[in-house]
Amino acid sequence: MQDLKQYIEDNKQRFLDELFELIRIPSISSKPEHKDDMYKCAEMWKKLIIAGGADKAEIMETEGNPVVYAEKILDPSFPTVLVYAHYDVQPAEPLELWQSPPFEPEVRDGKIFARGADDDKGQGFMHTKAFEYLVKTNQLKCNVKFLIEGEEEVGSPSLPKFCEENKELLKSDVIVVSDTGMIAPDVPTITTGLRGLCYWEVELTGPNRDLHSGLFGGAVANPINVLAKMITEMVDENGHITVPGFYDDVIEVSNEERAMMAKAPYSEEEYKKALDVEELAGEKGYTTNERTGIRPSFDICGIWGGYTGEGAKTVLPSKAYAKISSRLVPDQDHEKIAELFIKHFESIAPKSVKVNIRHLHGGQAYGCPIDLPAYKAAEKACEEVYGKRPVPVRSGGSIPIISDFERILGVKAVLMGFGLEADAIHSPNENYPLEQFYNGINTIPYFYKYFAEMGK
Ligand code: BES
Ligand code: MN
Ligand code: MN
């Protein structure tokens, strides 16, 4: 692939211009008012993939946001690669913390700043350009299918059913995804694990109306106080989640694998510095990378109730709310955990409050073995570009549809992502370094090359 570097060099600016067009569409899946933007964004993806050389691309309806499906079928004897990405993004709030508007991409200090710059427009887009290069230079030796969805950031509620109904269409030998990260710009990384998750919203109701906190305070249970206490009880002093049965199906990772994990380059000092924290916290007996990679976690994602406006208001609130999530590991089943939590949380509530729990979404964890042929192809591709063997890492993040793909389509996914922890995905000032962007486009074609060489 002699001319690959040159191809990227010659088309650098056009690549950026095209990506920026994609980013300018605020395709926020969690907000119904952006429904039109979802279609606009899907259209843009369709155009990009067709321009890249696909035989056909179409926008297909689901029960929720549409998906983009595209393909280039060259030869039935070639292996088939299914590229998965998501065109939806997280909300941009809090807007006042952005240095430049979230949907007006801007390059500063060698990084693209915008919502979706990394997750997953920047990363997904790299695949259209790698594909374009292979098609235009006649070097593609795989059949390629694209599946780009618009609901990943809300848990992909419609995609499992779409997969069930389109098994033949989506048939492939491997799924390739760039929606994860690397340890550092010079440390190529392949993600071998994703955590599962459960997400709930809890509502506690105390008295039937907000009360005067002087007239009633001390005599009536305050649902916010109660909620705070219940939440505190969920994790003990050793960082163990207290829900009975929670750990029953957790696979304990062997000492051998833990020793291998410990070899991955990591500096606790730098990690703390990057987050401005003096001390880290988590489950006793596990390192930071183990806490995110092989152990479950429990977090309050939001909490509200009572008076939060300007100044003081002496009120004993009627209601308290929290958004709660738990990250899971193999072989925990998200539906079973959802039930266990609900049962436990209800059981620890005092009679002074009523508890109402909504189970919002969930997904299973995923694991990719390092002896999978497609993993080997990704490994060789990274070696080619970075001159070193990539490090296998179990990520703390989740992409629930990846384990659904395995269950429904019977196909494994290789997670070859190029994001960095500093990219601030889901946060204000999300960014994606140009170096990661171009290195990604430089690496992906080699994946196809080596995967094709392995044959069907
Ligand atoms: N791309 C991320 C997940 C990710 C990021 C995995 C970095 C590994 C490394 C994805 O878009 C994401 O944000 N997933 C959500 C899933 C949820 C909304 C169901 C997550 O992990 O919170
Ligand atoms: Mn993503
Ligand atoms: Mn995301």
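A quick note: this is a predicted structure, and the numbers were derived from the prediction, not measured. Here, residue 1 is the first one in the sequence, and each next residue gets the next number. In each ligand, atom 1 is the first atom listed, and ligand 1 is the first ligand listed.
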| message | My understanding is that we take every heavy atom of each candidate and find the minimum distance to atom 20 (C) of ligand 1. Doing that for Glu421, Glu151, Met182, Arg327, which one comes out nearest? | response | Arg327
| Value rounded to 0.5 Å, distance of CD in Gln364 from NE2 in His334 | 4.5 Å
| field | Short side-chain donor-acceptor distance under 3.5 Å, Thr292 and Arg327 | value | no
| said: Only heavy atoms of His361, strictly under 4.0 Å: list the atoms of ligand 1 that pass. | reply: 19 (C)
| message | Suppose the criterion is salt bridge (charged side-chain N to carboxylate O under 4.0 Å, His left out): which pairs have a residue in residues 232-244, not counting sequence neighbours? | response | Lys229-Glu233
| request: Please answer whether the main-chain N or O of Leu194 pairs with a side-chain N or O of Ser395 as donor and acceptor at a distance below 3.5 Å. | output: no
| field | Residues Lys121 and Ser27: side-chain donor-acceptor under 3.5 angstrom | value | yes
| request: Check whether the side chains of Gln123 and Asp118 place a donor and an acceptor atom closer than 3.5 Å, and report yes or no. | output: yes
| note | Closest to atom 3 (C) of ligand 1 among protein heavy atoms sits Ser398 O, 3.5 Å
| query | For ligand 1, is there an atom lying under 4.0 Å from some heavy atom of Leu415? | reply | no
| Less than 3.5 Å between some nitrogen or oxygen of Asp179 and one of ligand 1, yes or no? | yes
| Which protein atoms of type N, O or S are found under 2.8 Å from the Mn ion (ligand 3)? | Asp119 OD2, Glu153 OE1, Glu153 OE2, His426 NE2
| message | What I want to check is whether the side chains of Glu153 and Ser29 have a donor and an acceptor closer together than 3.5 Å. | response | no
| note | In this structure, atom 8 (C) of ligand 1 is nearest to the protein heavy atom Ser395 OG, 3.0 Å
| remark: protein heavy-atom neighbour closest to atom 11 (O) of ligand 1 works out as Glu152 OE1, 2.7 Å
| query | Hey, is the main chain of Ala85 close enough, under 3.5 Å, to the side chain of Asp120 for a donor-acceptor pair? | reply | no
| field | Where at least one partner belongs to residues 400-428, residue pairs that pass salt bridge (charged side-chain N to carboxylate O under 4.0 Å, His left out), sequence neighbours excluded | value | Asp404-Arg407, Glu406-Lys412
| query | Is Gln90 in polar range of ligand 1, meaning some N or O pair under 3.5 Å apart? | reply | no
| said: For a quick check under 3.5 Å, do Lys35 and Asn65 share a side-chain donor-acceptor pair by atom type? | reply: yes
| request: Please state whether Gly419 comes within less than 4.0 angstrom of ligand 1, counting heavy atoms only. | output: no
| Cut-off 3.5 Å, side chains only: do Asn238 and His240 have a donor facing an acceptor? | no
| remark: Within the 4.0 Å heavy-atom cut-off, what Leu197 brings close to ligand 1 is side chain
| query | Out of curiosity, is His426 lining ligand 1, as in a heavy atom under 4.0 Å away? | reply | yes
| task | Could you verify whether a donor N or O on one side chain and an acceptor N or O on the other, from Tyr84 and Glu149, lie under 3.5 Å apart? | result | yes
| query | Which bit of Ile425 gets closer than 4.0 Å to ligand 1, counting heavy atoms only: side chain, backbone, both or neither? | reply | side chain
| Going by the order shown, which atoms of ligand 1 are within less than 4.0 Å of some heavy atom of His86? | 11 (O)
| Which protein non-hydrogen atom lies closest to atom 18 (C) of ligand 1, naming both residue and atom, and how far is it? | Glu153 O, 3.4 Å
| request: Could you tell me which residues satisfy side chain to side chain donor-acceptor pair (under 3.5 Å) with Ser178, sequence neighbours excluded, listed by chain and number? | output: His127
